[in-house]
Asker: 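The structure's right below; bear with me while I get my questions together.
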Amino acid sequence: MSTSSVHSGELMEKILYEVKRMVVGQDQFLERVMVALLAQGHLLVEGVPGLAKTLTVKTLAQAIQGSFKRIQFTPDLVPADLVGTRIYNQKTGEFSTSLGPVFANLLLADEINRAPAKVQSALLEVMQERQVTIAGESHAVPSPFVVMATQNPIETEGTYALPEAQVDRFMMKVLVDYPSDEEEAVIVERVIGAPIHIGAVANLEQLAALQKECRAVYLDPSLVQYAVRLVSATRTPEKHGIKDMARFITYGASPRATIGLAEGARALALMRGRRYALPEDMKDLVPDVLRHRIALSYEALSEGITPDSIVSSIMAKVAPPAKPISHYESPASAAVAAPASTEAASA
């Protein structure tokens, strides 16, 4: 293992340790937040209130010395509340630009489905283009930039359905559940105990280096084909031996899902201390990447079929690569080895 991968592994371990000093449990959720951060994707989170969603993101921002902003989405929110606006100064007679709360490294959009369509479209531009347009002038958001949006599954009154184009731009949708009894007891002890001060264990330059290293993680072509087959099965189930699922799906996942699986597998492999991705890295992320991209038919809704059950059926039918990847050759070493083997064969 290279020195850089060891260093990156130690750095990520320090970041996770620092966040876990404050946040009890929610290991999978925290792992997915880190995957999104490394892969430069966005996260849609569904869970009841009080499960440390805000605390997790705020603590992570402190650990990496990044800026954190939280926006409470409400029905009366307007795009200017999100991206900013132009303000007229009566003394000088000039306009100045006041940038909104989206200008942060980690943005928490709380109860995103409570905002109207105009606000959704404003957030859509920020998520996709990583910039906002105010009075015809473009302003880039800071880098790194990750949006974590939350939805409350309990209340549906006064909510707006998220546009499909926006839902698709979230790399993953994560379901956050209640803590165990043991974890909840520890939560109470920490809250009523002495305050915990979170230290900065990394900076944004180091995080940018981790993101660059993430993109250098080796992804075998067989894993790319596995991702393609999984996503294809959501569109044409009959071609993959699950014809009975076709009546439950109105339309399947877009190519963004395939990209999300590839980028996510790289990030998870790096977090697990490897410079190459394994089938299990990708398999672990399949439900999170696909569940919000499958549009169910009325028949599926009437029969109580969920996107997760469809994803489970697809994963049971679409097999991962037959030979797990235990090591890899870099393209450079493979190119050097090829002439030598050719000469040996000719001799």
Side-chain angles (χ1 to χ4, degrees), residues 26 29-30 32-33 35-37 39-61 66-85 99-133 141-142 144-177 253-254 256-257 260 287-296 306-308:
Q26 305 297 8
F29 171 50
L30 178 56
R32 296 301 183 264
V33 174
V35 166
L37 201 57
Q40 303 180 59
H42 305 295
L43 213 57
L44 182 61
V45 184
E46 189 171 289
V48 298
L51 298 182
K53 300 184 291 291
T54 303
L55 181 64
T56 299
V57 182
K58 186 177 181 180
T59 307
L60 180 60
S67 55
F68 166 78
K69 295 285 179 64
R70 175 183 174 273
I71 308 172
Q72 181 65 50
F73 278 52
T74 56
D76 61 347
L77 205 68
V78 296
D81 295 330
L82 193 71
V83 301
T85 187
L99 300 178
V102 295
F103 288 84
N105 298 119
L106 295 176
L107 175 67
L108 180 67
D110 216 355
E111 294 193 283
I112 187 175
N113 54 336
R114 292 198 179 278
K118 285 185 177 180
V119 178
Q120 303 292 357
S121 63
L123 184 62
L124 179 65
E125 182 194 7
V126 184
M127 290 171 58
Q128 182 64 23
E129 307 297 335
R130 298 181 188 273
Q131 66 176 25
V132 300
T133 303
V141 295
F145 175 71
V146 173
V147 174
M148 197 187 91
T150 68
Q151 287 189 142
N152 184 345
I154 300 175
E155 299 177 61
T156 56
E157 188 176 347
T159 61
Y160 300 80
L162 294 182
E164 298 301 335
Q166 183 170 358
V167 172
D168 191 42
R169 279 168 170 79
F170 286 102
M171 179 182 176
M172 293 179 286
K173 179 180 179 181
V174 182
L175 306 180
V176 182
D177 205 355
S254 76
R256 283 196 184 97
D288 297 322
V289 173
L290 293 184
R291 66 165 56 98
H292 59 299
R293 291 184 163 100
I294 297 175
L296 300 178
T306 63
D308 280 26

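No hydrogens, no waters, no symmetry mates; every other heavy atom, side chains included, goes into these values.
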Asker: If you take all heavy atoms of Ala257 and Ala253, which pair is closest and at what distance?
Answerer: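 In terms of heavy atoms, the two residues are closest at CB-CB, 3.7 Å.
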
Asker: State which residues pass side-chain hydrogen bond (donor to acceptor under 3.5 Å, both in side chains) with Glu125; sequence neighbours excluded, sorted by chain then number.
Answerer: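 Applying side-chain hydrogen bond (donor to acceptor under 3.5 Å, both in side chains) to Glu125 gives Thr133.
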
Asker: Could you give the distance from CD (Gln128) to CZ (Arg130), rounded to the nearest 0.5 Å?
Answerer: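 CZ of Arg130 is found 8.5 Å from CD of Gln128.
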
Asker: Any chance you could measure His292, atom NE2, to Met171, atom CE, to the nearest 0.5 Å?
Answerer: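 Output value for this atom pair is 9.5 Å.
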
Asker: How would you list, by chain and number, every residue that makes a salt bridge (charged side-chain N to carboxylate O under 4.0 Å, His left out) with Lys173, sequence neighbours excluded?
Answerer: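 Lys173 satisfies salt bridge (charged side-chain N to carboxylate O under 4.0 Å, His left out) with Glu46 only.
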
Asker: Run the side chain to side chain contact (heavy atoms under 4.5 Å, CB included) check on Val102 and Lys69 step by step: do they pass?
Answerer: CA-CA 7 Å; Val102 295; Lys69 295 285 179 64; over 6 Å; no

Asker: Looking only at heavy atoms, what is the nearest atom pair of Asn105 and Pro142, with distance?
Answerer: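 Heavy atoms of Asn105 and Pro142 come nearest at ND2-CB, 3.6 Å.
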
Asker: Using the side-chain hydrogen bond (donor to acceptor under 3.5 Å, both in side chains) criterion, which residues pair with Gln120? Sequence neighbours excluded.
Answerer: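 If we apply the side-chain hydrogen bond (donor to acceptor under 3.5 Å, both in side chains) test to Gln120, skipping adjacent residues, the hits are Gln166.
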
Asker: List the atom pairs, donor and acceptor, that lie under 3.5 Å between side-chain atoms in residues 70-81 and the rest of the protein, sequence neighbours left out.
Answerer:
from  : atom 1 : to     : atom 2 : distance (Å)
Arg70 : NE     : Asp110 : OD2    : 3.3
Arg70 : NH2    : Gln72  : OE1    : 2.6
Arg70 : NH2    : Asp110 : OD2    : 2.8
Gln72 : NE2    : Glu111 : OE1    : 3.1
Thr74 : OG1    : Asp76  : OD1    : 2.6
Asp81 : OD2    : Val78  : N      : 3.2

Asker: What is the distance from atom CG of Leu37 to atom CG of Leu43, rounded to the nearest 0.5 Å?
Answerer: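 Taking CG in Leu37 and CG in Leu43, the distance rounds to 10.5 Å.
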
Asker: Nearest 0.5 Å, please: how far is CG in Leu175 from CG in Asp288?
Answerer: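 Nearest 0.5 Å value for the CG-CG distance: 7.5 Å.
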
Asker: Output all residues satisfying salt bridge (charged side-chain N to carboxylate O under 4.0 Å, His left out) with Arg169, sequence neighbours left out; order by chain, then residue number.
Answerer: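 Salt bridge (charged side-chain N to carboxylate O under 4.0 Å, His left out) list for Arg169, sorted by chain: empty.
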
Asker: To the nearest 0.5 angstrom, please state how far the CZ atom of Phe68 sits from the OG1 atom of Thr59.
Answerer: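 Interatomic distance, Phe68 CZ to Thr59 OG1, rounded to 0.5 Å: 9.0 Å.
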
Asker: Side chain to side chain contact (heavy atoms under 4.5 Å, CB included), that's the test. Do Phe145 and His42 meet it? Break it down for me.
Answerer: CA-CA 9 Å; Phe145 175 71; His42 305 295; 4.0 Å; yes

Asker: Ignoring hydrogens, what is the shortest heavy-atom contact between Val132 and Phe103? Give both atom names and the distance.
Answerer: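 Where Val132 meets Phe103 most closely, the heavy atoms are CG2-CZ, 3.3 Å.
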
Asker: Report the residues that fulfil salt bridge (charged side-chain N to carboxylate O under 4.0 Å, His left out) with Asp177, sequence neighbours left out, ordered by chain and then residue number.
Answerer: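 By the salt bridge (charged side-chain N to carboxylate O under 4.0 Å, His left out) rule, Asp177 matches no residue at all.
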
Asker: Taking all atoms of both residues into account, what is the closest heavy-atom pair of Leu51 and Val176, and its distance?
Answerer: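 Residues Leu51 and Val176, closest heavy atoms: CD1-O, 3.5 Å.
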
Asker: Ignoring hydrogens, what is the shortest heavy-atom contact between Phe170 and Arg293? Give both atom names and the distance.
Answerer: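 So the minimum-distance heavy-atom pair works out to O-NH2, 2.9 Å.
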
Asker: Please report the interatomic distance CG(Leu44) to CZ(Arg32), rounded to the nearest 0.5 Å.
Answerer: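 Answer for the CG-CZ pair, Leu44 versus Arg32, is 14.5 Å.
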
Asker: Please step through side chain to side chain contact (heavy atoms under 4.5 Å, CB included) for the pair Leu107 and Val126, ending with a clear verdict.
Answerer: CA-CA 11 Å; Leu107 175 67; Val126 184; 5.7 Å; no

Asker: Using the rule given for side chain to side chain contact (heavy atoms under 4.5 Å, CB included), can you reason through Ile112 versus Leu123, listing the C-alpha separation, both sets of side-chain angles and the distance that settles it, and then say yes or no?
Answerer: CA-CA 10 Å; Ile112 187 175; Leu123 184 62; 3.5 Å; yes

